[in-house]
2 protein chains.
Amino acid sequence: MSRSERLCLIRGDQGRTMRSLLDRIADKWVLSIIATLHDGRLRFTDLQRRIPGISQRMLSLNLKHLERDGLITRTVHAEVPPRVEYELTDLAESLIPHAIALADWAREHVPAIEANRDAYEQRR
Amino acid sequence: MSRSERLCLIRGDQGRTMRSLLDRIADKWVLSIIATLHDGRLRFTDLQRRIPGISQRMLSLNLKHLERDGLITRTVHAEVPPRVEYELTDLAESLIPHAIALADWAREHVPAIEANRDAYEQRR
DNA sequence: CTGTATCCTTAGCGATACTG
DNA sequence: CAGTATCGCTAAGGATACAG
C-alpha cells in the first residue's frame, strides 16, 4: 500500500477510524493510565496514587471508557472490602510501541517546537 | 535507553513533553491539515476546500498555531488579490512516518475496538 | 482572497459530597 | 475501597458577519 494511500486514512471521511483512535488516546489522562498499567495489574486506589493530579471522577470515567473499548480488563474480587483490579489487554499492549515511538519523537523535537513558539511570541 | 525509561516520558511531570506534542497533533483538525499539506504547498482556500467540514475560523487558528510551532511555513506573495501559501517544514515531515504508523494501527485494530464498544453497549 | 471579531452553545473537567 | 451524582466553571469550536 502506497504512502499516500496510508495517509488517506488520516483525513476526510476515511479518517473516521484514525479520529476514533486519536479521540481515545489523546484524552488528557489515557496515556498516563496505559503507561501506568504497563507496570502490571493495579487497583483503583493504586492507580490514583500513581497518577498525580487525576481526580476520582476522571479516573473512573476513563477506566470505564478503556474497558468499554477493550483496552483494559476490570476484575472484581468477591471480598470485603472490595478489591477491583485493572489490567491492559493485548490490544492495548500492541499500542505501546507506537506510544513509545511518539514519546521518542517528542523527546527529540519538542524542544525545537517550544523554541519556535518562544521566538514567535517575541516577534509580536 | 530502556523501555520503561522511554515510557516514563508519557506520564507524570516528565510527561510534559509528550503532552505538548499530543496537545498539538490531537487537535481535531491538525492531522488533516498536515496530511493535506503533505501533497505539497497549498493556499488558504485550497486547504479549506480539501478539508471537508472545517470552518474558516478553525483553519485560520490551526494554521497560526502550526506556524508558531514551526511545523508549517506561511508565505505571502505581494499580489492583488493576495496569495498566501502554506507548506510543511522538515520538522512536520519527520512526524509523518509516525502518523502513518498510527494510521496503520488504527486500520488494523479500530474495528475490534468498535466491536468491543458495541458489545459493551448491548450488555447494559 | 485571506483572514479577524463576535456571539453562542456545548463538552470537558475539577471540586465536592454522597453510597454500597 | 471503589466508585456515582451533582454543580459550576472554562475553553473549544461552529455560525455568522465584517475587514484589508
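Sequence lines set the chain letters: A, B, ... in the order given, protein chains first and strands last, and positions in each chain run from 1. We use all heavy atoms of the structure for the numbers below, so side chains are in, but hydrogens, waters and symmetry mates are not.
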Considering all heavy atoms, the nearest [X]-[Y] contact:
| X | Y | answer |
| --- | --- | --- |
| B/D27 | B/D23 | OD1-O, 3.1 Å |
| A/A103 | B/L9 | O-CD2, 3.0 Å |
| B/Q48 | B/S55 | NE2-C, 4.0 Å |
| A/D69 | B/N116 | O-ND2, 3.3 Å |

Hydrophobic cluster identity match, A/L66 and B/Y120, side-chain contacts under 4.5 Å:
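No: no chain of side-chain contacts under 4.5 Å links A/L66 to B/Y120.
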Would B/I72 and B/V76 show up in the same hydrophobic cluster when neighbours are defined by side-chain heavy atoms closer than 4.5 Å?
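Per the 4.5 Å side-chain linkage, B/I72 and B/V76 are co-clustered.
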Any side-chain heavy atom of B/H65 sitting closer than 4.5 Å to one from B/V30?
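No - every pair of side-chain heavy atoms lies 4.5 Å or more apart.
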Do the side chains of B/I34 and B/H38 get nearer than 4.5 Å, heavy atoms only?
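In short, these two side chains do not touch, never coming nearer than 4.5 Å.
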Without decimals, in angstroms, what is the distance between A/L59 CG and C/dG14 P?
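Whole-Å distance recorded here is 11 Å.
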Round to the nearest Å and state the distance from A/M58 atom CE to C/dA15 atom P.
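Rounding to the nearest Å, CE of A/M58 and P of C/dA15 are 11 Å apart.
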Distance under 4.0 Å to a non-hydrogen atom of chain A counts as contact; along DNA chain D, which nucleotides mark the start and end?
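Result: D/dC1 to D/dT6.
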All N/O contacts under 3.5 Å from nucleotides 3-11 of chain C to the protein, with atom names and distances to one decimal?
unit_1 : atom_1 : unit_2 : atom_2 : d
C/dG3  : OP1    : B/R74  : NE     : 3.3
C/dG3  : OP1    : B/R74  : NH2    : 2.5
C/dG3  : OP2    : B/Y86  : OH     : 2.6
C/dG3  : N7     : B/Q56  : NE2    : 2.7
C/dG3  : O6     : B/Q56  : OE1    : 3.3
C/dT4  : OP1    : B/K64  : NZ     : 3.4
C/dT4  : OP2    : B/S60  : OG     : 2.6

Should the ring pair A/W105 and B/H98 be called parallel, tilted or perpendicular, given that the plane angle runs from 0 to 90° and is split at 30 and 60?
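Geometry flag for B/H98 against A/W105: perpendicular rings.
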Angle of first-five versus last-five pair axes in the helix from C/dC1-D/dG20 to C/dG20-D/dC1, to 10 degrees
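The helix from C/dC1-D/dG20 to C/dG20-D/dC1 shows an end-to-end axis angle of 40°.
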Identified side-chain contact (heavy atoms from CB on, under 4.5 Å) partner of A/W29 from the options A/L63, A/L59, A/I54
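Output: one option passes, namely A/I54.
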